[in-house]
Amino acid sequence: MVPDKFLKPYSHTDTEKRIYSAWEESGLFNPDVCVEKGVAAPDAPSFSIVLPPPNVTGTLHTGHALGTTIEDIVVRYHRMKGDKTLWVPGTDHAAIATQSKVEKMLEKEGVKKRDLGREAFLERVNQFAQESHDTIVGQIRRMGSSIDWSREAFTLDEVRTKAVRTAFVRMYEDGLIYRGDRIVNWDSKLQTTVSDDEVDWKEEKTPFYYLKYGPFTIATARPETKFGDKYVVMHPDDARYAKYKHGDTLALEWINGPITATVIKDSVIDMEFGTGVMTITPWHDTVDFDIALRHKLDKEQIIDTFGKLLPIAGDFAGMQIKKAREAIVAKLTEKGLVEKIDENYIHRIAINSRGEGAIEPQILRQWFIDVNKPFILKHSNIPSIKSGSETTLKSIMRAGVEHKAINVLPDRFEKVYYHWIDNLRDWCISRQIWYGHRIPVWYRNQNQESGVMNQEEVYVGTEAPEGSDWVQDEDTLDTWFSSGLWTFSTLGWPYSAETATKGKPGPENDFANFHPTNLLETGYDILFFWVARMILMTGYLLGEVPFNTVYLHGLVRDEKGQKMSKSIGNSVDPLDVIDAHGADALRMALVVAVGPGNDSNLSDDKIKAYKKFANKIWNITRFVLEKTNEVPERPSLTDADITRINELNALIQEITEDLEKYRLYLASEKLYHYVWHTLADVIIEERKVILEGSDETAKVSAQWTLRTILRTSLALLHPFMPFITEDIWSDVKGSDDPMLMIMSWPRQI
RNA sequence: GGGCGCUUAGCUCAGUUGGUAGAGCAACUCUUUUACACAGAGAAGGUCAGGGGUUCGAAUCCCUUAGCGCCCACCA
C-alpha cells in the first residue's frame, strides 16, 4: 500500500516543522539521551562541535546557513555512526557590533546613549539582544540543525562571565595581561579602541606636502599632526645625510616658531621613498611609536580623543583636524615652508570595519595581552611544548598547527595563519563601550590626574573586593576575549573542569567527555579574530588545542558572484528560501560542489535543482512502494542485483570516506548523481520489466534489492537532506527500526 | 611590497592519489492512460587561459606569461 501523501508532489512546508518537532521531542540531540536509549554505547567514541555563536545583532544570513549545514551534516553522520555526538549551541553578545546597532536605533528615536545612562542603555541592549536571539534560534531550527538545545550558552551569561573573569585573573597573575600606555587604534566616533584586525584601509586621493624642515625636506599627507615633530629620522647608511650624526641637534623654524630638532638614525627608513628623511609623530603613528620606543624619545599628544587639536597646536588648538589642515597649510605657505604639493598622492586612511568611523592612532592607557612574554606552561598536551616548560602565547598558537594537532582545511590557510602570528602585536583587549564583560579590575585611591599612578591600588579578581571604596574599571573586554574561551566555557569550565569524569554522562562531565572538540567549522574571514584566539586561550588555560580540525568555509555570494550586502539589496534570507523551496534544497545548494575555503554563488536555479531532487526521491519511493512488497529475508539474488548491491557497497564506502575526510562537497554530489542517474534512471528502469514479468525468483530479488537500495540511499542522504529522508523513512523502515536520525550508518551489505 | 586563490560546455561551477572531460541551468528533437512533466529518451556543445617542461600518459605535477579576485604589510 502506498500512503496517499506520495500521490502528490513532495511538500516541504507540511513536513519540515513536524519532523523537527519530532526530533526535538525525542531528546536525541542530547548525547546523554542517546546513551540512555542505547543509540550510542556508553564507551563509544565522542564527537563534539561547538556552534560558532552568531552575533545577536539581528538575523542569520546565508553564511550562517552554510555553516550550520556543514556542521549538521557532520554531526548527523557521527550520531548515526554511533558516536556520542554533541553539538553545542549558543550566541555571541558581539559587544561593539551589538552596541552600535542599538545606538543607531536610539539615534533614530532621537535618544543619546549618554542621556540614558549605562544601566538603562544596557537594558535596552539586552532587550534587543534577546529579540535577536529568539529570531536566530528559530532560524537555526528551520535549517534542521540537530543541536543540543539543553546546553545552550551565551557569551555574556553568568557561566561564561565566570570563565572570562577566571581567564583574565590567571593571565594577569602570569603577567600576560598588563595595563600600559601604548599606541592603539582609536575610533573617535564610537569613542573606543578597536583591535588591529578590525581596522579597514580605504584609499583616498589627497595632497602630499613637501615641507622644509631646516636643511631637510620632509613629506606628509597629514600636516595637522606635525606640530610636535622634533625628531628627524634617516637611514644610517644614507650617504646624502652622512654629515648628520645620530643625536645631533639643530635649530630650525617650524609651524609655530623656532624649535630644536634631533637627528635619529634608524634603518626602518626607506631611502628610496621621498627624500629619505622623515619626522615622527609617535603619539599618532604606529611606526613612529616603535621608533620612539627604540630610541627612548619623547612622545607628545597632538590630537585629543575627539579629533581636536590640543594646545600644542598654538593658534590651531581646539580645531577639528580636518578643518585645521587648510589653515595650517596656509600658514606653512606663508612662512615659505611648503616646497611643493603633489596633488595626486594616494593615501590610505584607517576605518573601523564595524562602524565606519575614522581610526586615529593614539597612545592610551589600556589593557593588553602580551603575546611575546615568556611564561611557564604548567600542563601541556600541545605537541613540542613540554609541561612545565617556558613558552609564549605566540609559540602556543604556532605549535598546535605546526605539529598537526590541529588540521586546517584547506591547508593553504595555515600559511596565512603563521604569517598573521608573525606580525601580531600585543592584543589590546579593553574597549570603552558599555555592552560586554566589564573588566574584572577594581581601583582604590584612583588619582584623577592622568599619568600619576603612585597612590593607586589595583585589585584583580573574579569578584569585587571587600570594602565600598573600590571602583571597577569602566571598560569592557574585546568580544573575542570571551569567544576565545567558547570551546571550553560551553563545556563546564571552570566550574566542573576539575571534577568532570570521562565516560560519565551529564553536562557536568562534558569537559572530560567532549574537550578537545573534534571540529571547528567557520568562515575563513574570522580565522584571525576567532580561531587564532581560541587556540591562544585554550593553549594557555588548558595546555590543549581547542579542536583537531578547522574547516573554513567561504563566502556565499549572490548568483552573479557579488558579495551579498544590505546596501546593494542582494542579500538572500535563508528563511525565504526555506519557505519557498525547503531547508533540504537549501542545504544541498549550499554544500554540493563547494569545497572548503572556496566562495560560492547561490542561485535560485541551483536551489530549485535540489528541490526537484527532493521530489525525485519522493517519486522513487512511490514507485518502490507501489511496485514491490517487503521481502523480510534476503532472497537469492540475480547476478544483475548482486552487481547493483556491490555498486551500492562501493558507494557506501566512498561516502563514508568522504565524510570522514570532510569532503562533503563530493559526497553530496555523488549521492545526487547516484540516486538520480543510477537508481532512478537505470536500476528502476531495468527492474520495471522484471517486476511485470513472471520470473518469481527474479521478481523477489528485484523487490528486495530495490527496497534495500532505497533504504540505504535514504540513510546516506540523511545528513544532507534530513527532513525528506526522515519523512519517507517512516513509510519504508522496518518495523523495529527507529527514526532515521539514529539509524546506524550503512555498512557493507 | 609580500602571500594566496581562480581562469574547464552559452552561464554557474565540480573533477579526492596524473589514466580516453562532468553536473545544474539555458538551448535543440521526440515522448504524456509511463514512479515522477519538479519527468523520460536522444542529440548538440570543451585544443580544460597562453607558452614551455616532466611522464608511456597531464585539467591534474613543475616552470613561465597574462587577466580577474582575495588576504596581509602600511612608505613618513
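Quick caveat, the model's predicted, so the values are computed rather than measured. All chains are named by letter (A, B, ...) in the order of the sequence lines, taking the proteins before the strands, and each is independently numbered beginning at 1.
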Chemist: Taking atom C1' in both B:C72 and B:A27, compute the distance separating them and give it to the nearest angstrom.
Modeler: 45 Å
Chemist: Below the 4.0 Å mark, does B:U16 have OP1 or OP2 next to a side-chain nitrogen or oxygen of A:K670?
Modeler: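 No, no such contact exists.
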Chemist: OP1 or OP2 of B:C13 sitting under 4.0 Å from any side-chain N/O of A:N601?
Modeler: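 Yes, within the criterion.
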Chemist: Using a cut-off of less than 4.0 Å, is there contact between a side-chain N or O of A:W676 and OP1 or OP2 of B:G40?
Modeler: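 True: A:W676 side-chain N/O within range (under 4.0 Å) of B:G40 OP1/OP2.
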Chemist: With a 4.0 Å limit, can you tell me whether A:K611 has a side-chain N or O closer than that to the phosphate oxygens OP1/OP2 of B:C38?
Modeler: no
Chemist: Examine B:G2: is either OP1 or OP2 under 4.0 Å from a nitrogen or oxygen in the side chain of A:N423? Give yes or no.
Modeler: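 No, A:N423 has no side-chain N/O under 4.0 Å of OP1/OP2 on B:G2.
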Chemist: Give the nucleotide from the list B:C13, B:C75, B:A35 with an atom nearest to the side chain of A:F273.
Modeler: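 Closest of the options to the side chain of A:F273: B:C75.
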Chemist: Check the phosphate of B:C36 against A:R622, side-chain N and O only, distance under 4.0 Å to OP1 or OP2. Yes or no?
Modeler: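 A:R622 to B:C36 OP1/OP2: side-chain N or O found under 4.0 Å.
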Chemist: Hey, does the side chain of A:K616 come within less than 4.0 Å of B:G40's phosphate (OP1/OP2), counting only N and O?
Modeler: yes
Chemist: Just N and O in the side chain of A:H673: are any of them under 4.0 Å from OP1 or OP2 of B:G15?
Modeler: no
Chemist: When you compare B:C71 with B:C38, how far apart are their C1' atoms, in angstrom units rounded to a whole number?
Modeler: 42 Å
Chemist: I want to check one thing: is the phosphate of B:C4, taken as OP1 and OP2, less than 4.0 Å away from some side-chain N or O of A:K415?
Modeler: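 Looking at the OP1 and OP2 atoms of B:C4, one of them is under 4.0 Å from a side-chain N or O of A:K415.
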